[in-house]
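In what follows, every chain begins at residue 1, and chains take the letters A, B, ... in the order their sequences are listed.
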Amino acid sequence: MSFTKLTASVIAIAAVAGAAQSQSRDQVQIAGSSTVLPYASIVAEAFGENTDFPTPVVESGGSSSGLRRFCEGVGINTIDIANASRGIREKEIAACAANGVTDIIEVRIGYDGIVFASQIDGPAYDAFTPSDWFNALAPKVVVDGELVENPHTQWADFNADLPAEDILAFIPGTKHGTREVFEEKVIAAGCEATGAFEAMMAAGMSEDDAEDACLEVRTDGRSVDIDGDYTETLARIDANANGIGVFGLAFYENNTDKLKVATMSGVVPSTESIATGEYPVSRPLYFYIKKAHIGVIPGLKLYAQFFMADEIAGPDGPLASYGLVSDPELADTQAMIEAEGTL
Amino acid sequence: MTDATTPTPKRASLLAVDERTRKRNAAEARFKIYGIVAICVGVLSLVVLLAAILSNGIPAFQRTVVQVPVTVTQEQYDAAESTLFKTKEYEGLFVAALSAELTSAGIEADISSGALERLVGKVGNNLRQFYTANEVQLGQEVLFEVPAASRIDRYFKGTLAVENITADNRFIQPQDLDVAEAMKDAGLMATVFDWNFITGVDTGVDNPGGAGIGASVLGSLLMMFVVLFLALPIGVAASIYLEEFAPKNRLTDFIEVNISNLAAVPSIVFGILGLAVFIQYMHLPQSAPLVGGFVLTLMTLPTIIISTRASLKSVPPSIRDAALGVGASKMQAVFHHVLPLAAPGILTGTIIGLAQALGETAPLLLIGMVGFVARYPETFLGGLEGPNSALPAQIYNWVSRSDAVFTEKAWGGIIILLIFLLTMNIIAILLRRRFERRW
């Protein structure tokens with residue numbers, strides 16, 4: 001009976017595969033930071049609804065993995081845009097260039113705050129400073145002027161104002177751009193403020209080594225890396241009343257019925273305090289466009305222009321109402337996209 | 001001497017139970033209890049699981065809607081269409097209509113502070129799609145039924161922690177809930193069955209009320225189509241050859257062992273393989289059901305080959321011998337007699353393999369099928385090679401979003417996935433019952 005039929009269907013499928021290979025792509029493809037993903041999905045939906053172009057496809061997976069895929073090369077089987085919650089690094093630009101991705105357009109979307117939140121009914125983690133976080137999470141801290149293995153087991157051990165609860169922090173994993181900001185703005189700042197940096201230098205470390213040593217976190221289970229997204233952190237906070245987690249401001253604002261937020265250096269995180277620069281732990285969000293794909297992938301440049309239009313990324317747009325702090329220099333960014341200015 | 005001193009074994013009474021029999025009986029009774037306990041644990045966890053899924057997922061099939069008659073004039077339409085963010089303009093038109101409706105119903109709401117925007121979800125696209133398709137309705141009154149805001153939806157479903165709402169909350173304020181209650185009493189708000197959840201596409205994170213699972217169901221079906229049309233012929237051909245024609249030697253033994261090994265390979269490995277071979281080497285498109293289907297085919301093949309070989313083996317040799325005896329060629333014997341008799345077993349194995357593939361998420365992560373894909377494909381071919389989501393990937397995606405309504409929808413998605421799996425397994429059982437022959 002069917003041997004010929006079977007063979008025919010196998011060949012048909014193979015033909016489809018062949019056709020797919022040679023066809024072009026009609027939708028923008030985006031990957032990268034899970035912090036940027038919500039904003040990108042809002043814009044992608046609105047872009048599909050308001051223009052004749054199909055809705056772009058947005059994947060997440062972290063800034064680093066997005067930029068790695070971005071740098072894989074030029075062509076329709078590579079992504080057009082990488083979302084990132086940190087700036088692109090020199091070595092990533094070099095990796096891009098090695099694969100022929102040379103003209104990269106950097107677009108700053110706006111700013112996002114990083115907040116420290118805990119269970120709404122949990123212990124009173126109300127006010128932190130970078131020093132508290134360094135004392136809680138660093139493998140080596142300064143006690144009585146000496147650099148020693150971190151002896152702290154409870155927050156109250158180093159700051160009597162904090163609750164006498166076991167230290168348990170859920171911080172973003174190393175593949176997240178949020179981690180870099182957390183290290184730079186909180187841990188490194190705490191390292192300097194507690195005098196650990198000086199103590200390390202005094203102990204004979206070079207400046208670079210001391211800076212690296214500052215960013216390390218203890219590995220005895222009191223600091224837990226979360227490689228998933230904020231929902232995972234939320235689930236861990238739900239299960240551990242004494243836990244405290246690192247969230248994006250927008251995520252926290254969406255879950256104020258489950259989480260309470262702590263101040264950092266006395267400032268309450270909000271879109272206003274981030275916009276003014278008062279709240280110390282904020283970072284810019286970016287996306288990167290492959291210039292070589294403009295004109296090849298329909299709607300790519302228009303997507304970027306739509307994203308950064310006043311109606312979308314401005315202070316009254318849907319991104320701001322979801323929790324993005326809009327960029328005061330939006331007009332410059334718009335002009336830069338128009339001129340396709342590369343890095 | 002020794003013989004004489006050996007005591008004759010005491011014959012136990014058949015009516016009285018001796019010590020050893022009692023022990024053996026006790027052991028048997030204990031084993032039965034273990035078995036019953038094991039079954040109870042299994043049934044209990046199934047009940048807990050199903051109860052959790054149903055109680056969390058059933059609300060996803062309902063949504064709170066705002067029902068308001070809207071009149072859009074030609075001028076308003078032209079004005080909205082000339083802007084960049086058109087759906088925002090339509091949202092404004094809807095909110096204005098709602099405001100008028102509230103005034104006429106005598107409900108007091110603070111319109112200036114954006115209270116009405118907090119009540120309704122993202123409705124702009126509902127209006128825009130309607131009017132661009134039905135321009136003749138411009139200037140006439142049309143009753144729109146659009147999703148309410150996610151927090152209002154959760155409030156009516158009883159999943160919103162009302163006591164934790166503070167006045168500085170941007171998404172909802174305590175007095176909004178009173179307005180919502182009044183609207184419900186006035187018939188402007190209702191909780192209805194959410195067809196859009198079954199037929200709709202994914203939406204952005206700020207529009208949970210409009211999100212549907214339809215497009216990802218279609219994506220999964222397209223993948224299953226690819227798997228069926230690749231894995232079934234390849235699997236059956238391979239097993240017929242191995243079972244009926246192949247010589248028994250070291251090489252075929254080696255192949256057999258490795259097919260069994262492949263069946264136990266974790267699915268993520270096939271995902272990595274798919275990424276390396278299909279996307280990076282063959283340059284097939286990312287996020288496409290075609291590639292997803294290829295990867296899942298690799299995963300399903302061993303299952304199909306093993307079950308096909310088992311059912312070929314279970315056909316008695318007398319059938320083959322009889323066919324060969326009356327002069328049929330080996331191929332005729334296989335295709336005219338053995339294969340039809342083995343077909344129910346082959347189909348059962350295939351369906352179970354497909355059901356396994358349907359629920360698979362890990363390999364899809366790697367080939368980019370876990371992303372934001374918010375559209376239906378336009379053509380069948382476009383659906384195969386264009387980006388699409390899949391059911392389990394969509395569920396995974398929704399769970400990671402911050403709005404709790406998406407989590408609820410994820411549970412709803414699990415119910416849909418379970419319905420598919422159950423249907424496939426029932427079909428497999430029916431086929432086996434109906435057609436299987438025993439010798």
Side-chain angles (χ1 to χ4, degrees), chain A residues 1-3 6-7 9-10 12-13 16-17 19-21 23 25-27 29-31 34 37-46 48-50 54-60 72 75-77 79 120 228-232 234 250-251 253-258 306 309 311-312 317-318 321-322, chain B residues 83-88 122 124-125 128-129 160-161 163-166 168-171 201-207 226 229-230 232-234 236-237 279-280 282-288 290-291 294 335 365 368 370-375 381 384-387 397 399-404 407:
Chain A
M1 54 137 197
S2 46
F3 220 69
L6 293 183
T7 322
S9 48
V10 171
I13 295 287
V16 171
Q21 195 176 345
Q23 283 222 341
R25 177 151 60 79
D26 66 344
Q27 84 289 335
Q29 233 161 356
I30 304 164
S34 45
L37 176 75
Y39 305 115
S41 77
I42 290 172
V43 177
E45 187 190 13
E49 284 173 358
N50 286 292
T55 308
V57 174
V58 193
E59 292 169 55
S60 67
E72 267 167 13
I76 57 162
N77 64 317
I79 58 172
I120 194 153
D229 31 39
Y230 296 135
T231 24
E232 191 185 335
L234 179 63
F251 187 91
E253 288 195 326
N254 265 286
N255 288 283
T256 42
D257 54 334
K258 298 188 197 105
F306 186 83
E311 292 93 326
I312 306 288
S321 68
Y322 190 76
Chain B
T83 58
L84 174 75
F85 197 10
K86 305 175 182 77
T87 46
K88 180 88 179 165
K122 285 184 87 184
N125 195 43
R128 180 166 190 250
Q129 285 210 324
L160 186 69
E163 66 279 5
N164 289 339
I165 298 173
T166 49
D168 60 349
N169 193 315
R170 216 173 43 231
F171 298 97
V201 299
D202 195 11
T203 55
V205 286
D206 58 347
N207 185 15
V226 174
F229 275 78
L230 281 178
L232 188 61
I234 297 177
V236 171
I279 290 176
Q280 287 173 348
M282 289 169 69
H283 297 313
L284 291 178
Q286 291 186 17
S287 318
L290 183 73
V291 180
F294 285 169
F335 279 90
L365 276 170
V370 181
F372 175 72
V373 186
R375 59 164 180 161
L381 266 186
L384 278 181
E385 61 190 37
N397 216 335
V399 171
S400 64
R401 296 200 184 160
S402 57
D403 198 308
T407 317

| field | Interface moiety of A:Q27 toward chain B, non-hydrogen atoms closer than 4.5 Å | value | side chain
| remark: So, the part of A:S34 with a heavy atom under 4.5 Å from chain B: the answer is neither
| request: For the pair B:R128 (side chain) and A:E49 (backbone), establish whether a donor and an acceptor sit closer than 3.5 Å, ignoring hydrogens and angles. | output: yes
| Does the distance from a Lys or Arg side-chain N to an Asp or Glu carboxylate O, for B:D206 and B:R401, drop under 4.0 Å? | no
| request: Name the region of A:Y322, side chain, backbone, both or neither, that has any atom closer than 4.5 Å to a heavy atom of chain B. | output: both
| message | Need one label for B:F85: side chain, backbone, both or neither, based on atoms under 4.5 Å from any heavy atom in chain A. | response | both
| Which atoms of B:V291 come close to chain A, meaning under 4.5 Å heavy atom to heavy atom: side chain ones, backbone ones, both, or neither? | neither
| request: Could you tell me which of A:D257, A:T256, A:T55 has the largest number of non-hydrogen atom pairs under 4.5 Å with chain B? | output: A:D257
| field | Residue among B:T83, B:L84, B:V373 with most heavy-atom pairs under 4.5 Å to chain A | value | B:L84
| query | Given side chains that start at C-beta, do those of B:V226 and B:F294 come closer than 4.5 Å, heavy atoms only? | reply | yes
| task | Measure distances from A:E72 to the heavy atoms of chain B and classify the residue's part below 4.5 Å as side chain, backbone, both or neither. | result | side chain
| Segment of A:I120 engaging chain B (4.5 angstrom heavy-atom cut-off) | side chain
| query | Is there a side-chain contact between B:V205 and A:Y39, using heavy atoms and a 4.5 Å cut-off? | reply | no
| request: Salt-bridge test for B:K122 and B:D403: reply yes if a basic N is under 4.0 Å from a carboxylate O, no otherwise. | output: no
| task | Starting at CG of A:N50, measure out to OG1 of B:T87 and round the result to the nearest 0.5 Å. | result | 3.5 Å
| task | Examine the side chains of B:S287 and A:Q29 and answer whether a donor and an acceptor come within less than 3.5 Å of each other. | result | yes
